[in-house]
Visitor: 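Here's a structure for you.
Read the numbers this way: they start at 1 and go in the same order the structure lists the ligands and their atoms.
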Amino acid sequence: MSMAMQFVFLGPPGVGKGTYASRAGPQLGIPQVSTGDIFRAEVKSGSELGNKVKGIMEAGGLVSDDVVIEVLKKRITRDDARKGFILDGFPRTIPQAEALDGIAKIDMVLNIALPEDILIEKISARRVCRNCGDLYNVASIDREGIKMPPMPPKEEGKCDKCGGELYQRADDKEEVIKERLAAYNKQTSPLIDYYREKGILVDFKPTAGPEEMVPKIIELLKEHGS
Ligand code: ADP
Ligand code: ZN
């Protein structure tokens, strides 16, 4: 099959982009490309790039466009992205979107939206595996027509997949969440109009947990792949 499937998952922090991309990607045979995961791995390894972005990430700011664009270019030209990819957390600014236009042909942008009070609750309750990046959440949401059950690990503090230690990201703390939401509203939300005008934006409002939402998302992706 010579199908190319180049997708962007757009949405504020905590909306579920990472969870959805990490589950939908493998089912379609395309990688989840998360610039946040790439940067966290660089910080962990103590590389030059990691040291450069560490402070910005901890403060909830955005890494400079030049740096992110270069990292992204390198990643999507790797062999496993030949059939396509799901971009999770990129682009986050208009210049990043313009750069992406020059190197890819995006089939669809999934605009994922949740009310801000739910985002804050979900981010505060998020835990990540230090070893493999698997995501967990102990928030239990049932209001505003949205019913999201908690996704706890089987054993407290321990990753189901690899047994690694679960931790709270430094930027998932209350003070930083506000900064990240502000960065999203100011710098990233203009991308909604940018892609709507191109006619490739699809709006998606999750109403339940990933077990129910991921199959719906996969259907949308299959419909819109080229
Ligand atoms: P979120 O949960 O906010 O979607 P990510 O894991 O996508 O978090 O990103 C974590 C941090 O990494 C961001 O707050 C930002 O500092 C940096 N980052 C990731 N992707 C980008 C990008 N495309 N442009 C600028 N900064 C980025
Ligand atoms: Zn793990």
Visitor: Any nitrogen or oxygen of S34, main chain or side chain, under 3.5 Å from a nitrogen or oxygen of ligand 1?
Guide: no
Visitor: Which residue owns the protein heavy atom closest to atom 8 (O) of ligand 1, what's the atom, and how far is it?
Guide: R169 NH2, 3.2 Å
Visitor: Could you grab the angle centred on the Zn ion (ligand 2), going from SG in C159 to SG in C132, to 10°?
Guide: 110°
Visitor: Give yes if a backbone or side-chain nitrogen or oxygen of R92 is under 3.5 Å from a nitrogen or oxygen of ligand 1, and no if not.
Guide: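 N/O-N/O distance below 3.5 Å exists for this pair.
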Visitor: In degrees, rounded to 10 degrees, what angle do C162 atom SG and C129 atom SG make at the Zn ion (ligand 2)?
Guide: 100°
Visitor: Looking only at N/O atoms, are G89 and ligand 1 under 3.5 Å apart anywhere?
Guide: yes
Visitor: Nearest to atom 25 (C) of ligand 1 by heavy atom, V63, D172, V176, L181: which?
Guide: V63
Visitor: Taking the six-membered ring of Y136 as reference, does the cationic atom of R127 (NZ for Lys, CZ for Arg) lie under 6.0 Å from its centre and within 45° of its axis?
Guide: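 No cation-pi geometry.
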Visitor: With clusters defined by side-chain heavy atoms of hydrophobic residues (ILVMFWY) lying less than 4.5 Å apart, directly or transitively, does I192 cluster with Y194?
Guide: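 Yes, Y194 and I192 fall within the same hydrophobic cluster.
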Visitor: Side-chain contact, heavy-atom cut-off 4.5 Å: R126 with I123?
Guide: yes
Visitor: Is there a side-chain contact between S189 and Y184, using heavy atoms and a 4.5 Å cut-off?
Guide: yes
Visitor: Salt bridge or not for R75 and D80, using N-O below 4.0 Å?
Guide: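 Result for this pair is yes, salt bridge flagged.
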Visitor: Can you confirm, on distance only, whether ligand 1 has an N/O atom lying under 3.5 Å from any N/O atom belonging to D171?
Guide: no
Visitor: Where does V68 meet ligand 1, judged by heavy-atom distances below 4.0 Å: at the side chain, the backbone, both, or neither?
Guide: side chain
Visitor: So does Q6 get a backbone contact from the side chain of D107, meaning a donor-acceptor N/O pair under 3.5 Å?
Guide: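 Here the side-chain-to-backbone pair exists.
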Visitor: Just by distance, no angles: are the side chains of S22 and Q32 close enough, under 3.5 Å, to form a donor-acceptor pair?
Guide: no
Visitor: Considering Q96, R126, K54, which one's heavy-atom position lies nearest to atom 24 (N) of ligand 1?
Guide: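 It is Q96 whose heavy atom sits nearest to atom 24 (N) of ligand 1.
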Visitor: R40 heavy atoms, cut-off 4.0 Å: which ligand 1 atoms fall inside?
Guide: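 Every atom of ligand 1 under 4.0 Å from some heavy atom of R40: 6 (O), 10 (C).
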Visitor: For ligand 1, is there an N or O atom under 3.5 Å from any N or O atom of G61?
Guide: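 Yes, since at least one N or O of G61 sits under 3.5 Å from an N or O of ligand 1.
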Visitor: Using a 4.0 Å cutoff against the non-hydrogen atoms of T35, which atoms of ligand 1 qualify?
Guide: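 Under 4.0 Å from T35, ligand 1 has these atoms: 19 (C), 20 (N), 21 (C), 23 (N).
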Visitor: Note the single closest protein heavy atom to atom 2 (O) of ligand 1, along with its residue, its atom name and the distance in Å.
Guide: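 Of every protein heavy atom, R180 NH2, 2.9 Å lies nearest to atom 2 (O) of ligand 1.
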Visitor: Can you tell me which residue and heavy atom of the protein come closest to atom 11 (C) of ligand 1, and the distance to 0.1 Å?
Guide: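 It is M57 CE, 3.7 Å.
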Visitor: Identify the protein heavy atom lying closest to atom 4 (O) of ligand 1, giving its residue, its atom name and the separation to 0.1 Å.
Guide: K17 NZ, 3.1 Å
Visitor: Within the side chain of E70, is there an N or O that forms a donor-acceptor pair under 3.5 Å with the backbone of D66?
Guide: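 Checking the backbone N and O of D66 against the side chain of E70, no donor-acceptor pair under 3.5 Å is found.
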Visitor: Ignoring hydrogens and geometry, is there a side-chain-to-backbone donor-acceptor pair from D65 to T93 under 3.5 Å?
Guide: no
Visitor: Report yes if D88 has an N/O atom closer than 3.5 Å to an N/O atom of ligand 1; otherwise report no.
Guide: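 No: no nitrogen or oxygen of D88 is under 3.5 Å from one in ligand 1.
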Visitor: I'd like to know if E58 and K54 make a salt bridge, using a cut-off of under 4.0 Å between side-chain N and carboxylate O.
Guide: yes
Visitor: Just wondering, do D172 and R180 contact through their side chains at under 4.5 Å, heavy atoms?
Guide: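 They are in side-chain contact.
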